[in-house]
Amino acid sequence: MKKLVILGSTGSIGKSTLSVVAHNPTQYHVFGLVGGKNVTLMTEQCQQFQPEFVAMDDPAAAKQLADNLRQLKINSEVLTGQKAICELSSHHEVDMVMAAIVGAAGLLPTLAAVKAGKQVLLANKESLVTCGQIFIDEARQSGAKLLPVDSEHNAIFQSLPPDAQNKVGFCPLAELGVSKIILTGSGGPFRTKPLTEFATITPAQAVAHPNWSMGQKISVDSATMMNKGLEYIEARWLFNASADEMEIIIHPQSIIHSMVRYIDGSVIAQMGNPDMRTPIAHTMAYPNRISAGVEPLDFFKLNQLTFIEPDFARYPNLKLAIDAFAEGQYATTAMNAANEVAVAAFLNNAIRFTDIASINRTVVENIAPIQVREIADVIHIDKLARELAQQAILSV
Ligand code: NAD
Ligand code: MG
């Protein structure tokens with residue numbers, strides 16, 4: 001049995017991961033669960049999966065969980081705090097870690113798993129956006145196996161030759177005959193909405209994604225296409241791709257999850273229903289396959305597959321992310337932090353939908369460039385960028 005820790009088990013990816021585990025009960029054992037503050041759901045997950053350890057970021061939530069488990073006579077040991085979570089994700093008994101905490105909060109526990117040489121199922125894209133080089137270097141050094149969970153990157157990974165799959169972060173694309181990585185995105189819920197109506201978009205409209213069911217933050221990011229911007233950065237790190245080796249295409253049906261173009265004219269795509277259990281199951285079983293509980297793709301029910309060029313006037317965050325990567329690690333870190341603050345403010349009705357991109361750009365343009373060498377630099381920039389974003393919010 002493979003022993004698994006799930007960082008962010010009460011979230012959208014975490015729940016889907018547990019659903020794949022429940023589908024394959026003889027192959028996986030849930031060793032540890034980590035969540036923020038949803039005690040009710042964490043109690044249920046402990047009842048069903050009986051992990052050795054369970055951690056809540058919020059100390060009050062951890063205390064409440066411990067009380068609940070005692071009453072239910074469940075023996076999982078309850079932990080709290082970042083240090084304990086990092087120890088759990090690097091525990092010597094653990095084989096694989098699902099990194100699915102949302103945002104920069106996921107950085108250190110994910111890095112701890114990488115440093116400990118685990119099989120790391122990487123959903124937390126912020127890890128690569130803010131610490132790309134550090135993560136790739138650490139994985140190379142520890143021998144950690146990085147497997148992308150994000151559906152696009154998982155599709156690209158599946159469409160690459162085995163030689164590249166074994167060299168995530170440092171694969172020589174050109175030597176392998178790859179000419180382009182094609183990142184696809186649905187374009188979100190506002191692909192056809194008149195631009196004049198963007199300022200009045202509400203949080204409820206922004207979180208209603210047409211194809212995917214996801215957490216709130218990533219749903220807003222999909223609507224602004226910052227999600228595709230973060231994924232562009234993630235892809236450049238994971239696949240060691242230059243700007244010229246990247247292509248972004250809007251594909252509204254989300255059936256093709258991304259593609260790889262080869263120099264002989266071949267294009268290899270990975271397709272499926274838009275259900276995160278597919279890439280999750282792929283990373284859990286790699287290089288084998290397990291059942292994910294996902295409906296088979298019914299080609300006769302598909303109307304058409306269409307493809308459109310992205311329009312930067314509609315999606316300024318996408319352009320910002322591409323520019324920020326060219327600037328350097330400090331800029332993508334600042335952009336990510338600003339975006340977390342701006343999206344939270346939008347969800348709280350404090351700013352307009354269109355303010356998100358302008359706040360992000362203001363922060364990236366005003367942050368002082370520094371060379372990012374270690375995680376402390378990333379944390380420093382993250383903090384400064386959050387402060388700048390708060391100031392920018394006050395002046396919109
Ligand atoms: P979510 O908001 O549904 O879940 C987030 C999880 O993180 C929850 O379990 C929450 O309790 C936990 N958490 C939050 N702050 C924490 C903290 N400080 N310490 C410990 N736990 C904490 O988010 P999600 O949609 O599941 O996304 C998770 C990650 O996966 C994100 O980085 C996202 O970009 C990425 N991702 C998600 C999807 C998707 O379909 N949902 C697809 C691709 C990538
Ligand atoms: Mg994605």
Any link between Ile134 and Ile370 through a network of hydrophobic side chains (Ile, Leu, Val, Met, Phe, Trp, Tyr) touching at under 4.5 Å? yes

Keeping the roles fixed (side chain from Gln329, backbone from Gly132), state whether a donor-acceptor pair exists under 3.5 Å. yes

Heavy-atom donor-acceptor pair, Asn348 side chain to Ala350 backbone, under 3.5 Å: no

Could you state whether Met42 and Phe31 fall into the same hydrophobic cluster, counting links through intermediate Ile, Leu, Val, Met, Phe, Trp or Tyr residues with side-chain heavy atoms under 4.5 angstrom apart? no

Nearest-0.5 Å distance, NZ of residue Lys115 to SG of residue Cys86: 9.0 Å

Straight-line distance of Thr283 OG1 to Leu122 CG, nearest 0.5 Å: 9.5 Å

Would you check if the side chain of Ser142 reaches a backbone N or O of Glu138 as a donor-acceptor pair within less than 3.5 Å? yes

Just by modelled atom types, is the Gln27 backbone N or O under 3.5 Å from a matching donor or acceptor in the Asn24 side chain? no

How about Phe53 and His91: are their ring centroids closer than 6.0 Å? yes

Can you tell me how far the CG atom of Asn124 sits from the OG1 atom of Thr110, to the nearest 0.5 Å? 4.5 Å

Is the shortest distance from a Lys or Arg side-chain nitrogen in Glu295 or Arg277 to a carboxylate oxygen in the other one below 4.0 Å? no

Side-chain heavy atoms of Leu388 within contact of Ile359, under 4.5 Å: no

Arg236 vs Phe325, side chain to side chain contact (heavy atoms under 4.5 Å, CB included): CA-CA, chis, key distance, verdict: CA-CA 9 Å; Arg236 290 203 54 187; Phe325 191 95; 3.2 Å; yes

With side chains defined as the heavy atoms from C-beta onward, is the minimum distance between Val149 and Met98 less than 4.5 Å? yes

Do Phe157 and Phe239 have ring centroids that are under 6.0 Å from one another? no

Does a donor on one side chain and an acceptor on the other come within less than 3.5 Å for Asn227 and Glu231? yes

As an exercise, state the distance from NE2 of His153 to CG of Leu147, rounded to the nearest 0.5 Å. 14.0 Å

Considering only NZ, NE, NH1 and NH2 on the basic side and carboxylate oxygens on the acidic side, decide whether Asp58 and Lys63 come within less than 4.0 Å. no

Rounded to the nearest 0.5 angstrom, the OG1-CD distance for Thr333 and Glu126 is 11.5 Å

Can you find a pair of side-chain heavy atoms, one from Ser291 and one from His23, that are under 4.5 Å apart? yes

Heavy-atom donor-acceptor pair, Ser258 side chain to Ala155 backbone, under 3.5 Å: no

Taking all heavy atoms of Ala321 and all of Met335, pick out the closest pair and write down the distance. CA-SD, 3.5 Å

Check: Thr43/Asn68 side-chain N/O donor and acceptor closer than 3.5 Å: yes

Does the side chain of Tyr286 pick up a donor-acceptor pair with the side chain of Gln165 at under 3.5 Å? yes

Can you find a side-chain donor-acceptor pair between Thr278 and His257 that sits under 3.5 Å? no

Starting from Val207, can I reach Val102 by hopping between I/L/V/M/F/W/Y residues whose side chains sit under 4.5 Å apart? no

Please tell me whether Gln158 and Asn154 have a donor and an acceptor in their side chains that are separated by less than 3.5 angstrom. yes

Can you find a heavy atom in the side chain of Val54 that is under 4.5 Å from one in the side chain of Leu88? no

Given side chain to side chain contact (heavy atoms under 4.5 Å, CB included), test Leu108 with Ile375 step by step and report yes or no. CA-CA 9 Å; Leu108 293 178; Ile375 205 96; 4.0 Å; yes

Quick check for you: to the nearest 0.5 Å, what is the distance between Met246 atom CE and Ile233 atom CD1? 10.0 Å

Linked, directly or transitively: Met214 and Ile255 (ILVMFWY side chains, under 4.5 Å): no

Whether the Ser266 and Asp264 side chains hold a donor-acceptor pair (N or O, under 3.5 Å, no angle test) is what I'd like checked. yes

Is the closest basic N to carboxylate O distance between Arg261 and Glu247 below 4.0 Å? yes

Should we count NZ of Lys2 as having more than 12 external heavy atoms under 6.0 Å? no

Does a side-chain heavy-atom distance below 4.5 Å link Ile356 with Ile351? yes

Donor + acceptor pair across side chains of Asn339, Asp221 (<3.5 Å): yes

So do Lys180 and Tyr262 actually touch side chain to side chain, heavy atoms under 4.5 Å? no

Assess Arg314 against Phe190: is NZ or CZ under 6.0 Å from the centre of the six-membered ring, and within 45 degrees of the ring's axis? no

Is Lys3 paired with Glu52 through a side-chain N to carboxylate O contact shorter than 4.0 Å? no

List the steps, then state whether side chain to side chain contact (heavy atoms under 4.5 Å, CB included) holds for His209 with Ser222. CA-CA 8 Å; His209 195 279; Ser222 297; 3.5 Å; yes

For Asp137 and Arg140, what are the C-alpha separation, side-chain angles and deciding distance, and is it a salt bridge (charged side-chain N to carboxylate O under 4.0 Å, His left out)? CA-CA 5 Å; Asp137 289 349; Arg140 234 179 141 168; over 6 Å; no

Any Ile182 side-chain heavy atom under 4.5 Å of Ile248 side chain: no

When you compare the side chain of Tyr315 with that of Thr224, does any pair of heavy atoms fall below 4.5 Å? no

Could you see if Ile101 belongs to whatever hydrophobic cluster contains Met284? Use Ile, Leu, Val, Met, Phe, Trp, Tyr and a side-chain cutoff under 4.5 Å. no

I'd like to know if the side chain of Thr332 and the backbone of Val129 have a donor-acceptor N/O pair within less than 3.5 Å. yes

Determine, step by step, whether Arg361 and Asp323 satisfy the salt bridge (charged side-chain N to carboxylate O under 4.0 Å, His left out) criterion, reporting the C-alpha distance in whole Å, the side-chain angles of both residues, the deciding distance to 0.1 Å, and the verdict. CA-CA 10 Å; Arg361 184 164 282 282; Asp323 293 347; 3.5 Å; yes

One thing to verify: whether Asp150 and Lys125 come together as a salt bridge, which I'm taking to mean a side-chain N less than 4.0 angstrom from a carboxylate O. yes

What I want to check is whether the side chains of Ser90 and Glu87 have a donor and an acceptor closer together than 3.5 Å. no

Answer yes if the side chains of Ser9 and Gln45 hold a donor-acceptor pair under 3.5 Å, and no otherwise. yes

Quick one: do Asp355 and Arg352 make a salt bridge, cutoff under 4.0 Å? yes

